[in-house]
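Since the structure comes first, as structure tokens, the remarks are kept for the end.
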Amino acid sequence: MAASMGEAGAAASDLQGPASAAPDMESPPIQYSLILEHLIGDKRAVKELSPGIMGGLPMPMKSDEQKMIERGMESCAFKAVLACVGGFVLGGAFGVFTAGIDTNVGFDPKDPLRTPSAREVLKDMGQRGMSYAKNFAVIGAMFSCTECVIESHRGVSDWKNAVYSGCVTGGAIGFRAGLKAGVLGCGGFAAFSAAIEYYLR
């Protein structure tokens, strides 16, 4: 009887032993969120990987002159000048093309039966080409400059910049003929810019 009671007491002590020792051996739970934050979060130290380490060709350091040239090429003034030159060339080519397929080029309205000479035809083609070139150059410079300014102000490069720029450009050009023409020009240029951006993107 005493032996059985001793065994029961020992069994009870064995059962209570781990339970009583559990609070002493408690450790703080592992928080995986802190581990992830340390490994891939903002607290992770960013290491600069050069192309040479990753198996690519090492890039030479840019000089101050190269950085200045890059800043100049990314400026709004350079983009406006580039768009102006491109618009001038494109407009001139378009004007000469439309003059070449126009059957009334070189004809004198005072004497419509007279056949125009080659010099008169070329002169009329040149005048039309120059007129188109000037208009395209102004439109290209205005559009590019306003788009660059809007993009710099918003800090975002998306299709909305072209739409806003098209509205400003079309409104400024059409406003010379009145308020209604300015509103129509704004809407037309904005829609055209949106279509071009949708097609290009």
Side-chain angles (χ1 to χ4, degrees), residues 36-100 125-177 179 181-201:
L36 292 176
E37 182 70 21
H38 181 73
L39 293 176
I40 60 175
D42 297 336
K43 297 180 180 179
R44 181 176 63 90
V46 179
K47 296 181 180 180
E48 295 183 0
L49 299 177
S50 63
I53 297 176
M54 302 182 67
L57 296 175
M59 295 293 293
M61 295 296 294
K62 295 180 181 179
S63 61
D64 294 337
E65 290 79 9
Q66 289 176 332
K67 294 179 181 179
M68 184 178 64
I69 292 174
E70 287 184 356
R71 285 194 298 267
M73 293 179 66
E74 293 176 358
S75 64
C76 295
F78 179 79
K79 292 180 179 179
V81 171
L82 188 63
C84 180
V85 174
F88 186 86
V89 174
L90 181 62
F94 185 73
V96 171
F97 174 75
T98 55
M125 291 176 65
Q127 290 177 349
R128 182 176 297 188
M130 183 59 65
S131 176
Y132 275 71
K134 290 179 180 178
N135 292 333
F136 274 62
V138 171
I139 293 173
M142 288 179 61
F143 182 85
S144 179
C145 186
T146 53
E147 184 181 18
C148 181
V149 171
I150 291 172
E151 182 178 347
S152 301
H153 178 71
R154 294 182 66 229
V156 180
S157 178
D158 56 5
W159 59 274
K160 294 181 182 179
N161 295 330
V163 174
Y164 296 153
S165 178
C167 181
V168 172
T169 304
I173 294 175
F175 191 72
R176 295 180 298 179
L179 180 61
V183 173
L184 292 176
C186 173
F189 267 73
F192 180 74
S193 302
I196 293 297
E197 284 294 315
Y198 177 78
Y199 177 76
L200 293 178
R201 292 177 185 266

Value for CZ (F97) from CZ (R128), rounded to nearest 0.5 Å, stands at 12.0 Å
Is any side-chain heavy atom of E147 closer than 4.5 Å to a side-chain heavy atom of K79?
-> no
Can you tell me how far the OG atom of S131 sits from the CZ atom of F136, to the nearest 0.5 Å?
-> 10.0 Å
Heavy atoms only: give me the nearest A137-C84 pair and the separation to one decimal.
-> CB-O, 3.4 Å
Before giving the answer on side-chain contact (heavy atoms from CB on, under 4.5 Å), spell out for V163 and E197 the whole-Å C-alpha distance, their side-chain angles and the decisive distance to 0.1 Å.
-> CA-CA 9 Å; V163 174; E197 284 294 315; 5.8 Å; no
Sub-3.5 Å donor-acceptor pair from the side chain of S165 to the main-chain atoms of T146, do we have one?
-> no
Could you give me the CA-CA distance, side-chain angles and deciding distance for C76 and C148, then say whether disulfide bond (SG atoms under 2.5 Å apart) is met?
-> CA-CA 6 Å; C76 295; C148 181; 2.0 Å; yes
Distance in Å, C167 SG paired with K160 NZ, rounded so as to fall on 0.5 Å steps | 14.5 Å
Got a second to check how far M142's CE is from T169's OG1, nearest 0.5 Å?
-> 5.0 Å
Smallest separation among heavy atoms of A83 and S144, with atom names | CB-CB, 3.5 Å
Measure the spacing between OG1 of T98 and CE of M125 and express it to the nearest 0.5 Å.
-> 8.5 Å
Full working for side-chain contact (heavy atoms from CB on, under 4.5 Å) between M130 and F88 = CA-CA 8 Å; M130 183 59 65; F88 186 86; 3.8 Å; yes
Taking every heavy atom of E151 against every heavy atom of V156, the minimum-distance pair comes out as CG-O, 3.6 Å
To the nearest 0.5 Å, how far apart are CG in D158 and OH in Y164?
-> 8.0 Å
